[in-house]
2 protein chains.
Amino acid sequence: MRGVIMYAPGDVRVEEREDPTIVEPTDAVIRITATCICGSDLWPYRGIEETEGPAPMGHEYIGVVEEIGSDVHNVAVGDFVVGSFFASDNTCEICRAGYQSRCVHSVPMGAIGTQAERARIPLADGTLVTVPGTPSPAQYPSLLAASDVLGTGWFAAVAAEAGPGKTVAVVGDGAVGLLAVLAAKQLGAERIIAMSRHADRQALARKFGATDIVEERGRAGVTRIKELTGGLGAHSVIEAVGTQESMEQAIHATRPGGHVGYVGVAHGVELDGMQLFFSGVHLHGGPAPVRRFLPDLIDLIVRGDIDPGEVFDLTLPLDEAAEGYRAMDERRATKVLLTV
Amino acid sequence: MRGVIMYAPGDVRVEEREDPTIVEPTDAVIRITATCICGSDLWPYRGIEETEGPAPMGHEYIGVVEEIGSDVHNVAVGDFVVGSFFASDNTCEICRAGYQSRCVHSVPMGAIGTQAERARIPLADGTLVTVPGTPSPAQYPSLLAASDVLGTGWFAAVAAEAGPGKTVAVVGDGAVGLLAVLAAKQLGAERIIAMSRHADRQALARKFGATDIVEERGRAGVTRIKELTGGLGAHSVIEAVGTQESMEQAIHATRPGGHVGYVGVAHGVELDGMQLFFSGVHLHGGPAPVRRFLPDLIDLIVRGDIDPGEVFDLTLPLDEAAEGYRAMDERRATKVLLTV
């Protein structure tokens with residue numbers, strides 16, 4: 001089969017890879033319908049995160065089950081499925097508490113690489129969620145978004161306790177930040193402040209439910225959020241970048257007793273203990289347990305209540321993945337969908 | 001009046017200070033019945049935290065109202081009262097959300113100095129809670145504990161979401177850590193692991209409700225907590241020290257999705273963003289909003305349900321405060337009560 005391989009920073013190729021097979025009786029093999037490039041794929045692409053290439057890439061996927069192991073019971077051959085970036089048994093104590101991304105048996109899908117024609121899905125019963133009926137191709141982008149960016153934005157909004165009566169600020173206008181706006185809206189937030197200086201992303205943020213846009217960053221951004229919130233700061237702040245500046249911006253824009261939900265993979269971030277102490281905020285985040293939310297997200301998408309697929313602003317065939325990486329790296333695209 | 005003044009690290013004196021008077025119409029002046037020395041007073045005493053001496057000391061107090069300003073309505077002259085280490089109006093949006101230690105009008109009582117015969121209490125209506133009836137001298141230590149160490153331990157337990165079905169680990173066996181054990185017990189925690197290597201503190205922890213004692217620290221301590229919790233870590237971990245080691249110990253001893261409640265004033269602590277991200281824990285803490293809990297804590301004490309005053313293991317007259325500081329610094333005492 002064809003699949004994306006990263007050899008080194010900036011060097012992404014689509015090559016022949018070995019076809020996946022059932023290894024464990026709990027595995028499934030799926031034929032991938034669509035996959036995409038993640039903001040987190042840019043960390044190794046930019047050389048900020050070390051990689052030992054050649055490495056398979058990709059951890060987002062929708063597809064159709066082609067084969068199941070002897071111990072798979074919840075999905076059947078022919079099912080159209082969505083999974084997330086960690087395979088999880090969905091039965092251990094950590095999964096049952098809603099933290100499937102930290103399942104005691106979790107397998108990172110990035111190590112398997114779903115930017116490919118097929119993929120082996122470990123722990124298929126726990127990992128995969130079947131889409132009811134037969135989704136239309138028009139629904140593919142939204143279902144694919146559920147696999148990571150929507151699920152991650154949703155987790156961030158839940159972690160930040162976005163909800164009725166709350167003012168929510170979102171740091172980061174990438175796909176996750178934009179979908180965190182959508183999540184905050186769905187969760188009933190009263191006011192949603194998107195922090196963005198790009199007109200097209202501002203427009204999408206407004207479409208997803210943002211009531212205010214703040215263009216300032218860093219300290220100036222914090223000052224502006226405080227001005228908009230009676231000097232107190234937002235109740236809920238979502239961090240969807242993963243840098244020192246964005247984390248500090250999020251913490252300082254939150255009122256004492258408020259909640260920061262952070263999902264940007266923290267790179268080179270050091271939090272000053274004393275500052276955090278006196279901020280008095282709640283801090284929660286990490287790799288999103290997307291599996292917790294997938295059934296509900298799929299329902300919302302199938303019913304047509306939300307259209308998170310709008311974050312994809314470039315669609316390319318899998319074979320042109322290298323151009324997709326370039327487009328995201330150069331900020332020509334927010335999020336690239338790869339058709340298979 | 002007599003009061004404690006810190007001139008420099010290690011140099012604490014009891015001297016004549018000016019008698020407090022009503023400055024604002026919202027002030028009260030109280031005659032202090034008992035005060036005490038806080039673990040946080042040791043930071044400047046040890047020179048770890050910079051101070052510009054001579055500085056008045058103390059922020060814990062119980063006493064009797066002697067005088068009230070023209071705009072004080074909730075407390076009357078003669079009332080026996082307890083307050084906490086931040087004066088707060090208890091009416092602003094932050095106070096109403098339960099974060100009185102970050103009241104928009106908060107005044108740190110440490111700047112006023114309650115290791116003295118009298119003290120001016122700003123925002124008396126919001127700050128002071130009247131003890132019903134006339135407390136007996138036997139109740140003074142427990143009521144005084146409510147002023148900070150009990151209220152802080154209680155907040156830590158609430159921040160860590162201690163409760164029924166939960167395994168709670170407590171890092172730190174000072175007065176706050178010990179009273180966090182008591183709080184976790186009162187909140188219904190199933191299992192409470194106290195981390196301590198001092199026999200007397202272990203005994204008090206057990207008396208307060210600890211079911212297990214772990215003597216190991218740092219990585220070994222984390223390993224032991226994991227062994228006791230099926231490899232997962234505790235649901236709730238309370239951090240009551242404020243050092244790099246104790247914060248890391250707390251975070252790593254918590255299961256993914258679990259809660260860390262931290263109340264040790266963080267000194268020189270830097271949290272690694274990537275480690276925090278992948279820990280997946282909830283982190284909440286800061287200066288405890290003791291005022292939120294004071295009415296309930298006073299009720300529990302007056303009813304005789306809890307006896308947090310047992311943390312005081314040395315009682316001295318105010319004039320011997322310097323010996324009290326030495327005893328705590330040299331770990332000859334856990335917590336020193338000063339009678340006035």
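This is a predicted model, so every value here is computed, not measured. By convention in this document, chain letters (A, B, ...) are assigned in the order of the sequence lines, proteins followed by strands, and residues within each chain are numbered from 1.
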Check: Which class fits the ring pair B/Y99 and A/H282: parallel under 30°, tilted 30 to 60°, perpendicular over 60°?
Finding: perpendicular
Next item on the list: Measure A/V260 against the heavy atoms of chain B and call it side chain, backbone, both or neither at under 4.5 Å.
Entry: neither
Check: So, the side chain of A/H284 versus the backbone of B/L283: is there a donor-acceptor pair under 3.5 Å, distance only?
Finding: no
Item checked: Residue part contacting chain A, namely of B/E93, when any heavy atom lies under 4.5 Å -> side chain
Check: Within a reach of under 6.0 Å around CZ of B/R219, are more than 12 heavy atoms found that belong to other residues, nucleotides or ligands?
Finding: no
Checklist line | Interchain contact, B/F277 with chain A, by part (heavy-atom threshold 4.5 Å) | finding: both
Margin query: Checking B/V269 against A/M274 for the side chain to side chain contact (heavy atoms under 4.5 Å, CB included) test, could you report, in this order, the C-alpha distance in whole Å, the side-chain angles of both residues, the deciding distance, and whether it holds?
Written below: CA-CA 7 Å; B/V269 173; A/M274 192 69 92; over 6 Å; no
Check: Who wins among B/P287, B/G280, B/G273 for the most heavy-atom pairs under 4.5 Å with chain A?
Finding: B/P287
Note to self: Given heavy-atom pairs under 4.5 angstrom as the criterion, report whether the side chain, backbone, both or neither of A/Q275 touches chain B.
What the structure shows: neither
Notebook entry, point to check: Stepwise, does the side chain to side chain contact (heavy atoms under 4.5 Å, CB included) test hold for B/R255 with A/I94?
Noted result: CA-CA 8 Å; B/R255 66 180 58 194; A/I94 300 297; 4.1 Å; yes
Next item on the list: Please check if atom NE2 in B/H267 has more than 12 non-hydrogen atoms from other residues, nucleotides or ligands closer than 6.0 Å.
Entry: yes
Checklist line | chain B contact via A/S279 - side chain, backbone, both or neither, heavy atoms under 4.5 Å | finding: backbone
Check: Which atoms of A/H235 come close to chain B, meaning under 4.5 Å heavy atom to heavy atom: side chain ones, backbone ones, both, or neither?
Finding: side chain
Notebook entry, point to check: Looking at A/G231, A/C92, A/G285, A/P256, which has the largest count of heavy-atom pairs under 4.5 Å with chain B?
Noted result: A/P256
Next item on the list: May I ask you to check whether over 12 heavy atoms, not counting those of A/E50, lie within 6.0 Å of atom CD?
Entry: no
Check: If you draw a 6.0 Å radius around CD in B/E52, do more than 12 non-hydrogen atoms from other residues or ligands fall strictly inside?
Finding: no
Item checked: Note, A/L271 side chain near B/E270 side chain (heavy atom, < 4.5 Å) -> no
